[in-house]
Chemist: 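To start, I am sharing the structure in question, which I have written as structure tokens.
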Number of protein chains: 2
Amino acid sequence: MNFQKRKQKILEQLDRTGEVDIKKLAAELDISEITARRDLNQLANDGLLYRTHGGAMKVDPLAKPKDFANKAAQNADVKDHICRKAAEHINDGDIIFMDCGSTVFRLCQFIKNKKIKVITNSLPVIYELQNCSVSINIIGGEFNNERQATHGKIANEHIARYHAGKAFLGVDGVSARGLFANSELEAEITSMYINQSAYTYVLCDDSKVGKETYLKFAYIDQIEAIITNADDQKLACFKDTALTILQVG
Amino acid sequence: MNFQKRKQKILEQLDRTGEVDIKKLAAELDISEITARRDLNQLANDGLLYRTHGGAMKVDPLAKPKDFANKAAQNADVKDHICRKAAEHINDGDIIFMDCGSTVFRLCQFIKNKKIKVITNSLPVIYELQNCSVSINIIGGEFNNERQATHGKIANEHIARYHAGKAFLGVDGVSARGLFANSELEAEITSMYINQSAYTYVLCDDSKVGKETYLKFAYIDQIEAIITNADDQKLACFKDTALTILQVG
DNA sequence: TTTAATTTGATCAAAATTAATCAAAAACGA
DNA sequence: TCGTTTTTGATTAATTTTGATCAAATTAAA
């Protein structure tokens, strides 16, 4: 039984019972306690569970904050899968951009215990990451109530002052031809994030893959990776690109 | 049973019954009393409950937003009087700066129906003014959790990009010699507000008047008006200045 | 106010859990 | 096949958690 398989079983049990115990886990999976500990530590590091003395617990299932939460709650399962995978790519010490989409918002719950710096224009993200080990940098500018985020010239300039190792972005559509958005404000700020980050992850569910909507604002080779639940068929269009595709169940 | 699990159970019971008792808790959770005490102390330290002799009580849900709310609630009457007066000086079409003090925060409730633009570095102010006729501009920069606001170089630069007709600011002390603050970060951003506004109101209760604390960051003639509940005697020191004094009951 | 009872914090010791180090085993690529 | 890397397990030392004891502080009662 390898790590990936054990990981599956651990998360499964965690989902079922809410907690796991090192001793029992070691017995059930027929591994030593030290290995069980190592597994749990690694999963905790990825934000997939919360480590306790002698075991682990399910990660905080509280996602209540606002009417924003309504939109964020749509398709929550799929979004959580995508974000869980995204969280695996975030390590202590990272500086990351997070945009103001509802998918990216759900990434918060998985990174609360990481020692990272988050730069964002999303008010719900700020709210969610208060009082945890994440240090926050707020993109200033005119606040758009509908999107619960800042946008505009000053916001763009603000982003231009920073550089981050990774950016986690949502889009309204993505195809081999590029990235698409439903609004100019959104497109501009997303472009800025891409420009100012070394590695860009696009988070999107299968409904966005292959969709070419309103406004194209970036070429596909400007980003490095896509994290999605889309199937191989939908993703086939990217086979001639250099894109890293991270597929989740 | 580890701490995390006990924590869950304690908070659960607290939510149900409103209070817990050390002896009962120790018996129910099958732990020693000293451990129960330690648990309660830790949770109290995190602000999740209110410690009593022999047990704990549910924390007031109103106070949960954070200690900021507590501070804002201190002296609320006086602060409200001051802010009501301040609001009289704000008209539709105004563009105003609001800083991140607890006094200025209470100004929000009096300006919700005004058609104005507010530029602020205070997260509580932003929350409070969402979904009303006020349009908001957020000062970006590094977020300081204790002050619930952005500060620092980028925040200062951001303010420098804007001009406003009026600024409403809190201070830690004010005398004929100038304005005083308890922290450099605070002082810097307040200075920027003063520089970038045509007319500056300082809001302060009588305890701040005549107080010269830590750091002087501005001369008294850099501001135009003080709104305070201080009496004539305390305000006498300003009689040789050009200051407009707005006294409230 | 004084006294008695209770609660508390501090200190120490025991138990459990963990991290660190190293060696063995397995997987991998050439 | 061999050498390298990765994974795993055993041992040990360090850390964390817990409980017991006792003096100090707090509360309640007289």
Side-chain angles (χ1 to χ4, degrees), chain A residues 1-14 16-60 84-85 87-94 110-116 131-133 244 246, chain B residues 1-14 17-60 67:
Chain A
M1 175 122 61
N2 58 24
F3 172 66
Q4 279 72 14
K5 199 152 187 189
R6 293 200 305 271
K7 170 175 166 180
Q8 246 184 350
K9 283 192 180 293
I10 292 170
L11 292 178
E12 204 176 280
Q13 177 176 342
L14 213 54
R16 229 177 30 245
T17 67
E19 59 183 335
V20 295
D21 174 273
I22 291 262
K23 285 189 197 307
K24 286 181 199 161
L25 198 66
E28 281 170 26
L29 300 182
D30 195 30
I31 53 178
S32 71
E33 291 186 17
I34 177 87
T35 301
R37 249 196 307 276
R38 275 197 272 245
D39 284 0
L40 293 189
N41 284 352
Q42 180 157 358
L43 296 177
N45 199 45
D46 292 344
L48 300 175
L49 49 77
Y50 184 70
R51 193 77 166 75
T52 66
H53 238 78
M57 292 176 68
K58 189 150 54 167
V59 75
D60 213 10
R84 221 188 280 267
K85 171 64 73 179
E88 290 177 23
H89 292 253
I90 302 174
N91 309 306
D92 282 1
D94 275 357
F110 301 114
I111 60 176
K112 281 189 177 175
N113 293 314
K114 293 180 192 279
K115 290 178 183 56
I116 58 175
N131 302 310
C132 66
S133 62
T244 299
L246 299 164
Chain B
M1 175 119 63
N2 57 29
F3 171 66
Q4 282 78 6
K5 188 137 193 222
R6 293 199 304 270
K7 169 176 167 179
Q8 263 186 347
K9 286 192 181 292
I10 292 170
L11 292 178
E12 206 174 278
Q13 178 176 342
L14 214 53
T17 67
E19 58 183 341
V20 294
D21 173 273
I22 292 264
K23 282 190 196 308
K24 286 181 199 164
L25 199 64
E28 280 171 27
L29 300 182
D30 195 28
I31 52 178
S32 72
E33 292 185 18
I34 177 81
T35 301
R37 252 198 305 277
R38 274 198 273 245
D39 284 359
L40 293 188
N41 285 353
Q42 179 156 358
L43 295 178
N45 201 44
D46 292 344
L48 298 173
L49 50 76
Y50 185 71
R51 192 77 166 75
T52 64
H53 252 258
M57 290 173 59
K58 181 151 60 169
V59 74
D60 188 346
D67 27 49

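Letters A, B, ... are given to chains in the order of the sequence lines, protein chains preceding strands, and every chain is numbered from 1.
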Chemist: Give me the atom names and distance for the closest heavy-atom approach of B/Glu19 to B/Gln13.
Modeler: O-NE2, 4.1 Å
Chemist: For B/Asp39 and D/dT16, what is the distance between atoms CG and P respectively, to the nearest whole Å?
Modeler: 17 Å
Chemist: Which nucleotide of DNA chain C is the first, and which the last, in the 5' to 3' direction, to come under 4.0 Å of a heavy atom belonging to chain A?
Modeler: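 The contact span of chain A on DNA chain C goes from C/dT17 to C/dA20.
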Chemist: Which residues in residues 6-14 of chain A have a heavy atom closer than 4.0 Å to any atom of DNA chain C?
Modeler: none
Chemist: Over how many whole Å does the gap from B/Lys5 atom NZ to D/dT17 atom P extend?
Modeler: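 Value for this atom pair: 18 Å.
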Chemist: What's the CG-P distance between B/Asn2 and D/dT18, to the nearest Å?
Modeler: 8 Å
Chemist: Heavy-atom contacts under 4.0 Å between residues 22-38 of chain A and DNA chain D, which residues?
Modeler: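 Within residues 22-38 of chain A, the residues near DNA chain D are A/Ile31, A/Ser32, A/Ile34, A/Thr35, A/Arg38.
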Chemist: I want to check something: taking the side chain as every heavy atom from C-beta on, are A/Ile31 and A/Asp39 in contact at a cut-off of under 4.5 Å?
Modeler: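 When only atoms from C-beta onward are counted, A/Asp39 and A/Ile31 do touch, with a gap below 4.5 Å.
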Chemist: State, with a plain yes or no, whether a side-chain heavy atom of B/Leu29 is found less than 4.5 Å away from one of B/Thr35.
Modeler: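 No, too far: nothing below the 4.5 Å cut-off.
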Chemist: Give me the atom names and distance for the closest heavy-atom approach of B/Gln4 to A/Tyr50.
Modeler: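 Nearest pair, atom of B/Gln4 first, then A/Tyr50: CG-CE2, 3.5 Å.
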Chemist: Once rounded to the nearest 0.5 Å, what's the spacing between atom CG of B/Leu49 and atom NZ of B/Lys7?
Modeler: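 Going from CG on B/Leu49 over to NZ on B/Lys7, the span is 10.0 Å.
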Chemist: Would you indicate whether A/Asp30, at its atom CG, is surrounded by more than 12 heavy atoms from other residues, nucleotides or ligands within a distance under 6.0 Å?
Modeler: no
Chemist: Quick one: does A/Asp94's side chain have a donor or acceptor within less than 3.5 Å of a partner on A/Ile116's backbone?
Modeler: no
Chemist: Looking at every heavy atom in both A/Ser133 and A/Lys114, which two are closest together, and how far apart are they?
Modeler: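 So the two residues come closest at OG-O, 2.8 Å.
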